[in-house]
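These notes are about the structure you will find just below.
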Amino acid sequence: MKSLSYNRIRSSWAKTIAAIALTVCLISSTAQAAAAKTGDVQQPQTLNADSAAAFLDQFFSSDKVKPHYIGAAVSVVKDGQIIAQKGYGRANEAQQTAVDPGRTVFRIASVSKTFTAVAIMQLVEQGKLDLKEDIRTYLTDLNFKNPFGTPVTVEHLLTHTSGFEVRDPEPGDIHRDFDKVVGIEEYVHSHMPPVIRKPGTAYMYDNFAYLLLGLIAQKVSGQPYETYMENHIFTPLDMKNSSFVLDGALKDNLAAGYDPAGKQLDSYALTPTIMPHGGMVATAEDIGKFMSAFLSEGASGNGNGRILTESSVRAMEQYRSSIHPLLPDTTYGFEAPFQLPGAGSSSQIISKLGDLNGYSSYLFLIPEQNTGVFLTYNKPGALRNLFYAQFISTFFPQYAAPAQLEAFKAETSRSLDKLKGLYADLRLSSFVSSVDTDAAGALRISDAFLGPRALQQVDDNLFVDDLTKQFTAFKFDDNGQVAYIKEPYINPLGYGRKGEQPVGFKDVSQEHSYAEYILALQSLGYYPSNANESFDPEKNVTRGAFVQRMLQASNIKGSKRTQPAFADIAGHPAAAYIQMAYELGMVTGTGGGRFEPERDVTRQESAVMLWQLLKAKYPPELFADVKLAGETSDWAVPAVQLMVALGLHGPEVQTLPDGTADFRSMKHMNRQEEAALLFKLLTQPTDQIVANKQAAQQQQR
């Protein structure tokens, strides 16, 4: 549930997560190595009210942590009691409002899913639901395509294994029309996806699945979803500052949201108006009450009875699938905690994170320690990664200890070949991992966030990243073929699907100078898989087609606005994408209210379109020293310099002996060049390139 901006083309959120995770892992690995050398074993602190308060104060006062939050609230539960709840920073910087953990309300985003799962388990206890039942038993008027013989069950929804095509919230679902009311059922029927994978076979984080669970709860209970939640969860737990309806005192006490740069965001409403998968607001104190009840086998601490039976609590604590024992997937309503270097994700810990414009949260429970922690803050980012690693290492270092792996038979270099290929994230297909072997036969992985690094096998189907000591594993299908990957950086909440073996095109041979890019994109599904078709590699690309392909490959949908920005795109097949490109600031037109979608795009025009999206992240002055050969229009020079420096091109661009590069700016872009550019956008580690360039420039000063 992210805002639509360049983070959908090359997710800045994912890069932040990867960078922070890398920092956490390197720090943890260094500490482990130091302990090994000295023979010291880290002794855990006893978790109690005093030690919890001291830990929180020390953590949030750290100079390394302060940049990661504007305001934050935390509650810590031990043995059925809230032993610490504290607020830090500002709920509203402009008004200098301090965070109060008992009063300041935060949008807890996808932590809402845990509460929706509780409602489902309550209805199971009442005999009104069967987790193994087809969801159409309860949603009788729901129509969707399912070409498989396996029905989508309630359990599939709970465990993010429904097989539905991704249906994440759209940009328009976060808006400022506070009078707009859209019901859950209305939204479901207008956005219902088809099933595209056999249900139960793959893990893809699924917002829509939990929206459907909310609708099921509403239908089966006979009450509006928000009413059911109030009557059966919030009231029994005395959660007076929690709701799926933002109004009254809750709205007045809502912490302001801030973007990653610290700029305050306007307040907003959501569609559907009641959002079971991400619309809950709450205080840290209220979530503490929920954690206390859950860890007390479902019994509320105020004498108002139970919210769950003991058996339901146990069911929600149990992981239902894993790609490896050290990499579990989900329970009913929870997901695996963050990986810790060498330790993986502990199956003894259940967690739930949430992100919404301006807010991030993290809830994690350690049932065998009767411990729960909830952290929420009003500036999206990876504060929770830092917090979780430090909390675990301080109080429960046994969960951060390197895994004790049994002896295994290592794969031969030849057998590792079956893992080679491109893997696209099931939820965001623009997140791509490339797996290959080096000259010595060792496995390597690369992506656009951390670049290439080695994968060392440490167990059957388990590999450790030599950069951060985190684990990656692969999943095989019923035929023994590699089907999926799970890695810790791009999107740990789901699998990446392995691309198909490319069949090629009749006019693109294996020896073709652009075959690497064209066949890779065919493998990922960007081009049709038909060896009898022609690719027309030297055919020019039109401006409209270029914009559409770039946005589609970036998981960005076309605009729904009915009034186009350009008079000449009305009725054009790419009109919605051109309009979206205009709204993103990617294009400005050619003058006179025109875009000229059918005119062939020049290479410098394509560079400028992408530069419009990249220049905020990568300042033009950083590339001013890039020397260009050939002719480039003055207005395109900064864009072309960026494209050359970041390597966003194919073999048509060569560095000449004098150190200059000819981008061939004035020529039209053809399909093979577009393929090379698209592939590089998906896989090139641009942040690393920029960081290296900045370091080199500083050394020269």
- prompt: Would you call R453-D465 a salt bridge at under 4.0 Å N-O?
  reply: yes

message: Are Y388 and L340 packed together at the side-chain level, in the sense that at least one heavy-atom pair is separated by less than 4.5 angstrom?
response: yes

query: Are any side-chain N or O atoms of Y268 and backbone N or O atoms of N357, one a donor and one an acceptor, separated by less than 3.5 Å?
result: yes

- line: From the list K667, R664, R603, Q672, side-chain hydrogen bond (donor to acceptor under 3.5 Å, both in side chains) partner of E652 resolves to R603

message: Looking only at side-chain N and O atoms, does Y362 offer a donor or acceptor that is under 3.5 Å from a partner on D355?
response: no

query: Does R549 count as lying over the ring of Y526, i.e. NZ or CZ under 6.0 Å from the six-ring centre, within 45 degrees of the axis?
result: no

message: Suppose we screen for side-chain contact (heavy atoms from CB on, under 4.5 Å). Which residues come up paired with H668, at least two apart in sequence or across chains?
response: N540, D600, T602

field: Exercise: do D536 and S534 side chains pair donor with acceptor under 3.5 Å
entry: no

query: With a 3.5 Å cut-off and no angle check, do the side chains of S433 and E487 form a donor-acceptor pair?
result: no

query: Just by modelled atom types, is the G257 backbone N or O under 3.5 Å from a matching donor or acceptor in the Y359 side chain?
result: yes

task: Ignoring hydrogens and angles, tell me if any N or O in the side chain of R90 forms a donor-acceptor pair with the backbone of Q96 under 3.5 Å.
output: yes

- prompt: Taking N92 for the side chain and A256 for the main chain, is one N or O donor matched with an acceptor at less than 3.5 Å?
  reply: no

- request: Determine the sole option in Q563, H572, R561 for which the side-chain contact (heavy atoms from CB on, under 4.5 Å) test with Q579 is passed.
  value: R561

